[in-house]
Amino acid sequence: MTCQTIAALLATGRPDTPATIQGWVRTRRELKEFTFVEVNDGTCLANLQVVINPSLANYRQLVDGLGTGTAVEIQGQLVASPAKGQRVELQATQVTLYGTADPETYPLQKKRHSFEFLRTLGHLRPRTNSFGAMFRVRNACAAAVHRFFQERGFLWVHTPILTASDCEGAGEMFTVTSLDLDHLPYTPAGRVDYQQDFFGRPAYLTVSGQLEAEIMALALSRVYTFGPTFRAEKSNTSRHLAEFWMIEPEMAFCDLHGDMDLAEAFLKFVFQAVLDHCPEDMAFFNQRIDPTVLATAEQIIQTPFERITYTDAIRHLQNANHPFEYPVEWGLDLQSEHERYLAEVLFQRPVIVTDYPVGIKAFYMRLNDDEQTVAAMDVLVPRVGEIIGGSQREERLNVLERRIQGQGLALDNYWWYLDLRRYGSVPHAGFGLGFERLVQFLTGMGNIRDVIPFPRTPDSIDF
RNA sequence: UCCUCGGUAGCUCAGUGGUAGAGCGGUCGGCUGUUAACCGAUUGGUCGUAGGUUCGAAUCCUACCCGGGGAGCCA
């Protein structure tokens, strides 16, 4: 393989050495004496400028074929560029045209396109500057997530995608079946007979790996999940996907404070890693997408997060000289506007709110001694609101049974979850965050559909 | 699901009852090193769909379809 990446050539390529690149033409500028072609291979944001001289065989034919979108291999000599704008450029000696792209019909033009339009071109939008930058940042972010946990002794555990647990309480579930939907079997009572289905009972796509992660943590001490998650809610918003990736660390012998420390360290680590690995891409987002992206990243990395209780947060909000659309009252959940006020206006930094009322949080969160609140924590950040939600889990069998029943749920469905409290129970804690929302927060991208290669949303599953 | 805004050329949009427009893109020509190159010319339309009002509808009315933004729910 004599071919080099454009990223490597632009960064460290030495002038007056031979080089071969493979990629796609972004733009062609034809002058009287020769032609400039900019080629991108996805390894970095910048294109490599190639000079095509008329001395090349079939010059006219070559240049005509080098329209935007064409796949090419170009051999030549890397030379110092005599003009501003690039350190080096490639003086072509041989050009191989692979697939050409008819400029009359190729949808990507040499101009800015709206993200809305590019969403209709899911197969071509990775070839744009914005999506190239976004996918590189997404990759760096994913790699940083693994590195963060691996360096701290967490095991990556693979929790199931198919589940029979319809009681995770985290949202609407997709049903998975091998039954012929046009000829469903029925019980004598007239209901669908799931005994004849693949698993002999109803099955679903997972909405969370947390409960299974707790199983693993109570044997392996520190684990995390990082995998696909599915929600069938008909939420048509810039923050929701039907298929998304979720990260859920879980730690045995850990309380809420350890959980908060981990969450804060996690965000700082990931932001620093992405800045280190994708400086050009992040600069691009700061320049073209959201001018606060870099400042936000610096703040996340350098500023200690504020930590307050829900009760104090309510007090702050009630004393705030700020009109809220929704009421602020102890016992009600914080709305987006409240979360953003805390992070953006009051503290102007990330805020971890803890100890929420028992009535608005899930049954598995540990009941505090006041019996009014649970050991929950939400990390609120400017511009986004809640980015991480977590809790210390209820490890006491009798309390957990009471909580499950108190929410009208059947204990039988949780027999194995209760067993964890019956045998070798221990205080443990964890949190969850949506990977795409993290990428949104990093890049400033407004719509979650533009931070995942192939978004799945209600009535939309193209590509 | 609710609220709201929108759908006009390949793209981004203007046009609010009287001949369908601009910029960009594409094409052709020009240009001695360009950087979203530049200059000139040119090409380009079932005005989302179906009805209705009117002498006349992109424009007004009704229904539907699709999309954006916001809310709720959540990650």
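Quick note on labels: first sequence line is chain A, next is B, and so on, each numbered from 1. For clarity, every value in this text was computed on a predicted model and none was experimentally measured.
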Just call it for A/Glu89: base, sugar-phosphate, or nothing, with non-hydrogen atoms closer than 4.0 Å on any strand. base
Using a heavy-atom cut-off of 4.0 Å across all strands, would you classify A/Tyr326 as base, sugar-phosphate, or nothing? sugar-phosphate
Check every atom of B/G69, B/G33, B/G72 against the side chain of A/Ser81 and return the nucleotide holding the closest atom. B/G33
A/Glu116 (side chain) and B/G7 (base): donor-acceptor pair under 3.5 Å: no
What's the CD-C1' distance between A/Glu30 and B/C28, to the nearest Å? 12 Å
Under a 4.0 Å threshold between the charged nitrogen and the carboxylate oxygen, would A/Glu250 count as salt-bridged to A/Arg393? yes
Please classify the nucleic acid contact of A/Gln109 as base, sugar-phosphate, or nothing, using heavy-atom distances under 4.0 Å. base
Please pick, from B/U34, B/C74, B/G72, the nucleotide with the shortest atom-to-atom distance to any side-chain atom of A/Glu233. B/C74
Mark yes or no for a side-chain to base donor-acceptor pair under 3.5 Å between A/Gln86 and B/U34, with no hydrogen or angle criteria applied. yes
Sugar-phosphate, base or nothing in reach of A/Arg119, heavy atoms under 4.0 Å: sugar-phosphate
Counting only side-chain nitrogens and oxygens, does A/Arg239 get under 4.0 Å of the OP1 or OP2 atom of B/A71? yes
With the side chain of A/Pro103 defined as its heavy atoms from C-beta on, choose the nearest nucleotide among B/G26, B/C73, B/U1. B/G26
Report the distance from atom CZ of A/Arg125 to atom P of B/C11, rounded to the nearest whole Å. 17 Å
Taking any heavy-atom pair under 4.0 Å as a contact, classify A/Thr35: base, sugar-phosphate, or nothing. nothing
Does A/Arg340 or A/Pro458 map to a spot on RNA chain B nearer the 5' end, using the closest nucleotide for each? A/Pro458
Check: A/Ser235 side chain, B/C74 base, donor-acceptor under 3.5 Å: no
Quick note, A/Val51 side chain, CB onward, closest among B/G72, B/G68, B/G33 is B/G33
Base, sugar-phosphate or nothing for A/Glu436? Non-hydrogen atoms, less than 4.0 Å. nothing
Here's one to test your reading of the geometry: is the NZ or CZ of A/Arg125 within 45 degrees of the ring axis of A/Phe463 and under 6.0 Å from its centre? no
Paired to B/U16 by Watson-Crick or G-U wobble criteria (both distances under 3.5 Å) is none
Please work out if A/Arg449 contacts a base, only the sugar-phosphate, or nothing of the nucleic acid, heavy-atom cut-off 4.0 Å. sugar-phosphate
Reckon A/Asn447 touches a base, only the sugar-phosphate, or nothing at all at heavy-atom distances under 4.0 Å? sugar-phosphate
At 4.0 Å (heavy atoms only), tell me whether A/Phe34 reaches a base, stays on the sugar-phosphate, or touches nothing. base
Going by distance alone, is a donor N or O of one side chain under 3.5 Å from an acceptor N or O of the other, for A/Gln150 and A/Tyr224? yes
Within the 4.0 Å heavy-atom criterion, would you say A/Thr237 contacts the bases, only the backbone, or no part of the nucleic acid? base
Kindly say whether, by distance alone, the side chain of A/His113 makes a donor-acceptor pair under 3.5 Å with the base of B/C11? no
What's the closest nucleotide to the A/Phe36 side chain, out of B/U34, B/U1, B/C73? B/U34
Quick one: on RNA chain B, does A/Gln91 or A/Ser460 contact a more 5' nucleotide (nearest heavy atom)? A/Gln91
Give a yes or no on whether a donor-acceptor pair under 3.5 Å exists between the nucleobase atoms of B/U34, that is its base, and the side chain of A/Gln49. yes
Would you check if there is a donor-acceptor pair between the side chains of A/Glu73 and A/Thr96 at a distance under 3.5 Å? no
How is A/Ile388 classified with respect to the nucleic acid when contacts are heavy atoms under 4.0 Å: base, sugar-phosphate, or nothing? nothing
Indicate whether any N or O donor in one side chain lies under 3.5 Å from an N or O acceptor in the other, for A/Gln22 and A/Tyr98. no
Closest listed nucleotide, where the reference is the side chain of A/Phe117 and the choices are B/C73, B/G26, B/U12: B/U12
With a 3.5 angstrom cut-off on both distances, give the Watson-Crick or G-U wobble partner of B/C38, or none if there isn't one. B/G30
